[in-house]
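To start, the structure under review is shown below, and the notes come after it.
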Amino acid sequence: MRKKPNLVPRMERCAALQIMEPEALKGRWHEEFPQYKSIRLEIGCGKGRFTCEQALREPEILLIAIEKVQDAMVVAEERALAQEIPNLRFIDFDAEKLTDIFAAGEIERIYINFPDPWRKTRQYKRRLSAPAFLERYTVVLPPDGEVWFKTDNEPLFQWSMESFAASGWAVREMPEGTPMTDYELKFTEQGIPIHRVIASVPVRKEQDA
Ligand SMILES: C[S@@+](CC[C@H](N)C(=O)[O-])C[C@H]1O[C@@H](n2cnc3c(N)ncnc32)[C@H](O)[C@@H]1O
């Protein structure tokens with residue numbers, strides 16, 4: 001992604017939307033934000049089209065957007081700031097370390113939209129639907145938690161369906177009408193078909209619960 005000019009001052013202007021020390025809130029998110037019915041997470045929010053629209057649609061839910069590329073996240077933050085969305089926060093963070101910032105069951109739902117496909121075999125572990133990521137999601141989600149997953153990438157979709165199945169997640173179709181992401185808008189305009197599914201946390205065996 002092209003380096004954004006004035007990144008630092010732009011991020012500083014959005015500081016109120018950013019959680020600077022998320023590790024300090026592990027296990028305390030609901031205490032810190034008691035006004036919200038539940039907390040949901042978006043991983044890899046990019047420039048935040050979906051993020052802002054999703055938060056606006058459900059003001060009673062706190063949406064936390066994680067993004068590891070600051071040049072993308074600042075655009076999402078500026079969008080959120082311009083629309084004065086109160087129930088939205090951002091974390092400049094790599095989802096690999098998700099369990100450093102959220103305790104068991106703290107997140108009701110995770111959105112993963114158009115994740116990077118990481119095509120090379122040695123890069124598979126970085127896919128957000130890789131077994132190690134699913135394991136992290138199982139920890140931070142409650143037993144009835146869900147991952148809402150969208151992609152245009154056919155091989156990634158097939159691989160992800162196998163990954164979900166191998167880890168015991170049940171998958172069903174997503175209802176129509178979810179907010180569009182920036183990638184989704186572009187692909188839809190080009191007539192590229194999109195896969196949209198909801199994956200449910202595997203039923204835990206008694207000894208794991
Ligand atoms: C292809 S873009 C899609 C952006 C947006 N979700 C959309 O649909 O328009 C994938 C985004 O996920 C972010 N990402 C990938 N792996 C990540 C990780 N492990 N932790 C946080 N963000 C990640 C990338 O930096 C990138 O902005």
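Whatever order the structure lists them in is the order used to number ligands and atoms, beginning at 1. This chain uses plain numbering: 1 for the first residue, then up along the sequence.
Stacking of K120 on the aromatic ring of Y124 is not recorded, the 6.0 Å distance cut-off and the 45° axial limit not both being met.
Taking 4.0 Å as the cut-off, E184 does not count as a neighbour of ligand 1 on heavy-atom distance.
Using a cut-off of 4.0 Å between Lys/Arg side-chain N and Asp/Glu carboxylate O, E184 and R196 are scored as salt-bridged. By the 4.0 Å N-to-carboxylate-O rule, K68 lies too far from D116 to be salt-bridged with it.
The protein atom (non-hydrogen) at minimum distance from atom 15 (C) of ligand 1 is D116 OD2, 3.2 Å. At the top of the distance list for atom 25 (O) of ligand 1, counting protein heavy atoms only, stands E67 OE2, 2.5 Å. The single protein non-hydrogen atom nearest to atom 8 (O) of ligand 1 is T181 OG1, 2.7 Å, given as residue, atom name and distance. Here the protein heavy atom with the shortest distance to atom 23 (C) of ligand 1 is K68 CG, 3.7 Å. For atom 19 (N) of ligand 1, the closest non-hydrogen atom of the protein is D94 OD1, 2.9 Å. Counting protein heavy atoms only, atom 3 (C) of ligand 1 is closest to F114 O, 3.3 Å.
Taking every heavy atom of both residues into account, E96 and R136 meet most closely at O-NE, 3.1 Å.
The aromatic rings of F157 and H195 sit parallel, their planes meeting at an angle under 30°, below the 60° perpendicular limit.
Ligand 1 places these atoms under 4.0 Å from at least one heavy atom of F93: 20 (N), 21 (C). Near C45, the atoms of ligand 1 lying under 4.0 angstrom from a non-hydrogen atom of the residue are 5 (C).
For Y111 and Q54, the side-chain atoms include at least one donor-acceptor pair closer than 3.5 Å.
In the hydrophobic clustering of this structure, I64 groups with L141; members are Ile, Leu, Val, Met, Phe, Trp, Tyr whose side-chain heavy atoms approach within less than 4.5 Å, directly or through other members.
Between G44 and ligand 1, an N or O atom pair is found at a separation short of 3.5 Å. The distance criterion of under 3.5 Å between nitrogen or oxygen atoms is not met by E42 with respect to ligand 1. Remark: ligand 1 and A95 share an N or O pair separated by less than 3.5 Å (distance only, no angle test). The shortest N/O to N/O separation between Y183 and ligand 1 falls below 3.5 Å.
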Would Y137 and I43 count as a side chain to side chain contact (heavy atoms under 4.5 Å, CB included) here? Give the steps. CA-CA 11 Å; Y137 307 154; I43 300 178; 3.6 Å; yes
